[in-house]
Amino acid sequence: MTDQRVVSVEGKEIAITNPEKMLYPSAGITKWDYVLHLTRLAPYLLPHSRRRFLTTIRYPHGTGDEFFYQKNVPSHAPDWIPTARDGKVTYILLEDTPTLVWLANLACLEFHLSFNLVDDPDHPPELVFDLDPSVEGFDRVMEVALLTREVLNQLDLDALVKTSGATGLQLYIPLKGRFTFEQTRRVSHFIARYLEEKHPRLITLERIKKNRGDKVYFDYLQHWRGKSLIAPYSPRAREQATVSTPLKWSELRPGLVPEQFTLPAVHRRLAETGDLFQPLLSRENRFDLSRILDFVERKRK
């Protein structure tokens, strides 16, 4: 077994230690395989991670073993790793391929991003809903996502959708203008309560999992300053090596399962579809919350 390989990425020399170590034993993916997968994902992942605070989850011995969250940049990080401070935490910024490869060598198997940009802590560029099943099965989550989109369309809004890479779906509404987290929370709470009241046997806002029964949890609370969500195109530390993958709305139909979207499979998909989350990077096709905010405020009075 070779203990180390040194790679040159965009002029940066990076040592890949224990390249033959199995990070995803069930999928047969070694650390070296993982590095190669991430370099191929970099053109899709990096545009969405730039200017956002990064939280990683590290699995030093691969999936199924101990893990820990890392927010602060490690003391041994090279000086070329980009960082930004927020309060007492100095975060890594996932801005380039060398940083991604360096993190891969640390067995960072998940990349979670802040909802806000580094230089604008109070105004998230998207409003995000996280839909999570309480029992096994993906069809109910897809049903809730489609019902949510119907409501959004009635409000002259729309969303992009991706798998969490685990069991759920996440909806992103790209925003026009600068709305605070407090304003986006009022809108998301209004939509979540409406859906729960209209579909009480399917949707719940109950945070405690054992109290949800078989309902889909509509998590509108996660979207907040200081919190994070799995990045588009981030791998997950699940035995199948799944990836958080953007979808077409037309794909949400019975038979779709998150396990279809794995590290080996996602490259073929991206060659066919390109980045379905590209609209989040554009100034066009964004949505103004002013009208619905006015409506919500009138209802509160």
Side-chain angles (χ1 to χ4, degrees), residues 47-55 71 84-87 89 91 93 112-132 144-162 164 168-199 203-207 216-232 244 246 249 277-301:
H48 295 287
S49 64
R50 290 190 179 106
R51 298 172 59 214
R52 306 214 186 215
F53 297 113
L54 175 70
T55 299
K71 292 190 175 187
R85 194 161 181 82
D86 185 38
V89 179
Y91 287 90
L93 302 182
H112 296 249
L113 304 175
S114 62
F115 291 103
N116 59 281
L117 301 178
V118 169
D119 51 3
D120 195 354
D122 294 319
H123 301 91
E126 305 92 19
L127 172 54
V128 182
F129 303 133
D130 190 10
L131 309 181
D132 195 24
V144 172
L146 291 167
L147 290 170
T148 303
R149 192 189 190 203
E150 283 181 17
V151 172
L152 294 177
N153 290 168
Q154 291 165 9
L155 297 169
D156 296 323
L157 303 173
D158 204 355
L160 301 170
V161 62
K162 71 177 178 72
S164 68
L169 286 169
Q170 293 154 351
L171 278 60
Y172 286 62
I173 305 170
L175 300 180
K176 179 191 296 183
R178 297 173 81 238
F179 296 95
T180 64
F181 276 105
E182 287 78 11
Q183 289 175 312
T184 57
R185 172 66 60 85
R186 287 199 287 274
V187 173
S188 60
H189 182 242
F190 170 76
I191 292 170
R193 285 296 300 272
Y194 174 81
L195 283 161
E196 183 188 44
E197 290 170 4
K198 191 170 183 182
H199 306 282
I203 298 170
T204 182
L205 306 187
E206 172 60 58
R207 285 184 70 78
V216 174
Y217 175 46
F218 194 110
D219 187 354
Y220 69 92
L221 294 170
Q222 184 65 19
H223 184 257
W224 195 249
R225 60 173 62 86
K227 295 191 175 186
S228 63
L229 197 69
I230 193 72
S244 180
W249 281 104
F277 260 34
Q278 180 67 29
L280 293 183
L281 307 173
S282 169
R283 293 179 179 272
E284 300 177 1
N285 300 316
R286 306 185 79 83
F287 298 94
D288 191 338
L289 297 180
S290 300
R291 190 169 66 86
I292 184 173
L293 270 170
D294 290 343
F295 174 76
V296 172
E297 288 300 316
R298 288 197 301 273
K299 283 190 65 102
R300 290 175 64 186
K301 294 178 180 177

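In this chain, numbering begins with 1 at the start of the sequence shown.
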Residue pair [X] / [Y], side-chain heavy-atom distance below 4.5 Å:
| X | Y | answer |
| --- | --- | --- |
| Pro124 | Thr184 | yes |
| Tyr220 | Arg185 | yes |
| Leu289 | Gln183 | no |
| Phe218 | Thr148 | yes |
| Ile191 | Leu155 | yes |
| Gln170 | Pro232 | no |
| Pro246 | Leu160 | no |
| Phe287 | Leu152 | no |

How long is the span from the [atom1] atom in [X] to the [atom2] atom in [Y], to the nearest 0.5 Å?
| X | Y | atom1 | atom2 | value |
| --- | --- | --- | --- | --- |
| Leu280 | Gln278 | CG | CD | 9.0 Å |
| Phe53 | Leu117 | CZ | CG | 9.5 Å |
| Thr55 | Ile230 | OG1 | CD1 | 10.5 Å |
| Leu93 | Ser114 | CG | OG | 9.0 Å |
| Ile203 | Glu197 | CD1 | CD | 11.0 Å |
| Asp219 | Thr204 | CG | OG1 | 11.0 Å |

Minimum-distance pair of heavy atoms, taken over all atoms of [X] and [Y]:
| X | Y | result |
| --- | --- | --- |
| Ala231 | Ser244 | O-CB, 3.5 Å |
| Leu157 | Asp288 | CD2-O, 4.1 Å |
| Leu169 | Ala145 | CD1-CB, 3.9 Å |
| Leu171 | Ala159 | CB-CB, 4.2 Å |

Parallel under 30°, tilted from 30 to 60°, perpendicular over 60°: which one fits the rings of Phe295 and Phe190?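 Phe295 vs Phe190 ring planes: perpendicular.
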Using 30° and 60° as the class limits, which term best fits the ring planes of Tyr172 and Phe277: parallel, tilted or perpendicular? perpendicular
Checking [X] side chain against [Y] main chain: does a donor-acceptor pair fall under 3.5 Å?
| X | Y | value |
| --- | --- | --- |
| Trp249 | Leu146 | no |
| Arg51 | Asp120 | no |
| Arg85 | Gly87 | yes |
| Arg52 | Phe115 | yes |

For a salt bridge (Lys or Arg N to Asp or Glu O under 4.0 Å) check, start with the C-alpha distance between Glu126 and Lys162, then their side-chain angles and the critical distance, and finish with the verdict. CA-CA 14 Å; Glu126 305 92 19; Lys162 71 177 178 72; over 6 Å; no
Is there a salt bridge (Lys or Arg N to Asp or Glu O under 4.0 Å) between Arg186 and Glu182? Walk through the geometry before answering. CA-CA 6 Å; Arg186 287 199 287 274; Glu182 287 78 11; over 6 Å; no
Do His223 and Phe181 have their ring centres less than 6.0 Å from each other?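 Between His223 and Phe181, the centre distance is under 6.0 Å.
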Carefully, step by step, assess Tyr91 and Lys71 under the rule side-chain contact (heavy atoms from CB on, under 4.5 Å). CA-CA 6 Å; Tyr91 287 90; Lys71 292 190 175 187; 3.8 Å; yes
Determine the sole option in Asn116, Asp122, Thr180, Asp86 for which the side-chain hydrogen bond (donor to acceptor under 3.5 Å, both in side chains) test with Arg225 is passed.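 Of the listed residues Asn116, Asp122, Thr180, Asp86, the side-chain hydrogen bond (donor to acceptor under 3.5 Å, both in side chains) partner of Arg225 is Asp122.
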Show your reasoning for whether side-chain contact (heavy atoms from CB on, under 4.5 Å) applies to Leu54 and Ser49. CA-CA 8 Å; Leu54 175 70; Ser49 64; 6.0 Å; no
